[in-house]
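Have a look at the structure that comes next, please.
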Amino acid sequence: MKHIIFILACCLLVTSCAKKIIIPKNFKYNEISAGEYKLACLQKVTDRKSPIRIYIEGDGNAFNGYGFPTDDPTPKGTFLRRIVFNDPNENVVYLARPWQFIKDKDKKKNQTDWTTGRFRQKIINSTARAVKEIAKNNSVILIGYSGGALLSGLVIKQNSDIKIKKWITIAGVLNHTKWTEKLKLPPLKNSVDLDILPNVKQIHLAGQKDKIVPAELTKEIVKKENLIIVPKASHNKGFEDYLDVIYDNM
């Protein structure tokens with residue numbers, strides 16, 4: 001029973017109802033070869049003197065409706081991309097997780113990369129490499145959604161050479177051990193964890209009605225001055241009135 005609950009929770013972690021979304025003309029699609037992975041991204045960079053805002057996607061379509069790992073973790077939900085496309089800043093980048101949006105005949109052989117090993121070291125290394133390539137020595141505002149919150153924190157923690165101006169998370173898992181224990185789920189045995197949050201300027205938004213990543217868990221991990229509990233927000237809805245916090249470059 002625990003296994004079934006775990007699978008469903010992981011499926012819901014970053015997946016909402018599939019909707020069509022139009023990519024704005026000012027965003028360009030690119031695939032970055034970063035270590036062992038090729039990462040898909042959408043970029044709008046018009047001012048190299050301003051901070052680069054990089055959004056990291058959640059875990060995507062990791063499990064199907066029957067509780068089994070999918071052959072393709074590409075997100076069906078559009079929650080984060082809609083936030084990205086409405087970001088009014090000059091430099092905005094959407095960075096997908098390994099295998100998302102990537103066409104590869106061997107993709108289904110790597111299911112551990114979006115299940116128990118979604119935070120494995122080689123994924124952290126690959127994401128960090130992509131962030132550095134995108135930033136090109138500019139300061140970075142790193143924004144992670146759901147599982148992307150933990151991945152972004154691990155990238156910051158392990159890469160002091162990245163000039164992090166601010167770290168923002170939205171409905172974020174910040175410690176997968178505490179998350180699985182809180183929900184009484186099997187551990188992510190092939191993944192690295194974030195035991196201590198990075199010492200950078202940060203803000204974490206948690207949904208008051210989020211059942212996937214409970215706000216109570218975020219409260220246990222984050223300092224009070226760095227936390228915003230969003231009333232009535234679930235895991236992928238209800239953050240509309242707090243976009244100014246997300247879009248703030250200061």
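Just so you know, these numbers come straight off a predicted model, no measurement behind them.
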Heavy-atom pair with the smallest gap, counting every atom of Trp179 and Ile212: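 So the minimum-distance heavy-atom pair works out to NE1-O, 2.8 Å.
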Aromatic ring pairing Phe79/Tyr145, orientation class (parallel under 30°, perpendicular over 60°, tilted between):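 Ring orientation of Phe79 relative to Tyr145: tilted.
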Asn175 side chain to Lys178 backbone, donor-acceptor under 3.5 Å: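 Confirmed, Asn175 side chain pairs with Lys178 backbone.
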Point-to-point distance, once rounded to the nearest 0.5 Å, from CD of Glu133 to CG of Asn30: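 Answer rounded to 0.5 Å: 7.5 Å.
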Over all atoms of both residues, closest heavy-atom pair of Trp167 and Gly153: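 Here Trp167 and Gly153 meet closest at CZ2-CA, 3.5 Å.
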Thr177 and Asp193: side chain donor to acceptor below 3.5 Å: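 There is such a pair (donor and acceptor under 3.5 Å, judged by atom type) between the side chains of Thr177 and Asp193.
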CG on Asn199 to CD on Gln202, rounded to 0.5 Å: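 Those atoms lie 8.0 Å apart.
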Closest non-hydrogen atom pair, Glu90 against Thr46: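 Looking at all heavy atoms of both residues, the closest pair is O-OG1, 3.2 Å.
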Donor-acceptor side-chain pairing of Trp99 and Asn110 below 3.5 angstrom: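 Checked: Trp99/Asn110 side chains show no N/O donor-acceptor pair below 3.5 Å.
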Close side-chain approach of Arg53 to Tyr247, heavy-atom, < 4.5 Å: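 Result yes, sub-4.5 Å side-chain heavy-atom pair found.
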Point-to-point distance, once rounded to the nearest 0.5 Å, from CG of Leu205 to OG1 of Thr218: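 So the CG of Leu205 and the OG1 of Thr218 are separated by 10.0 Å.
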Ile143 CD1 to Ile246 CD1 distance, which is reported to the nearest 0.5 Å: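 Going from CD1 on Ile143 over to CD1 on Ile246, the span is 8.0 Å.
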Asp113/Arg120 salt bridge by N-O under 4.0 Å criterion: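 Salt bridge: yes.
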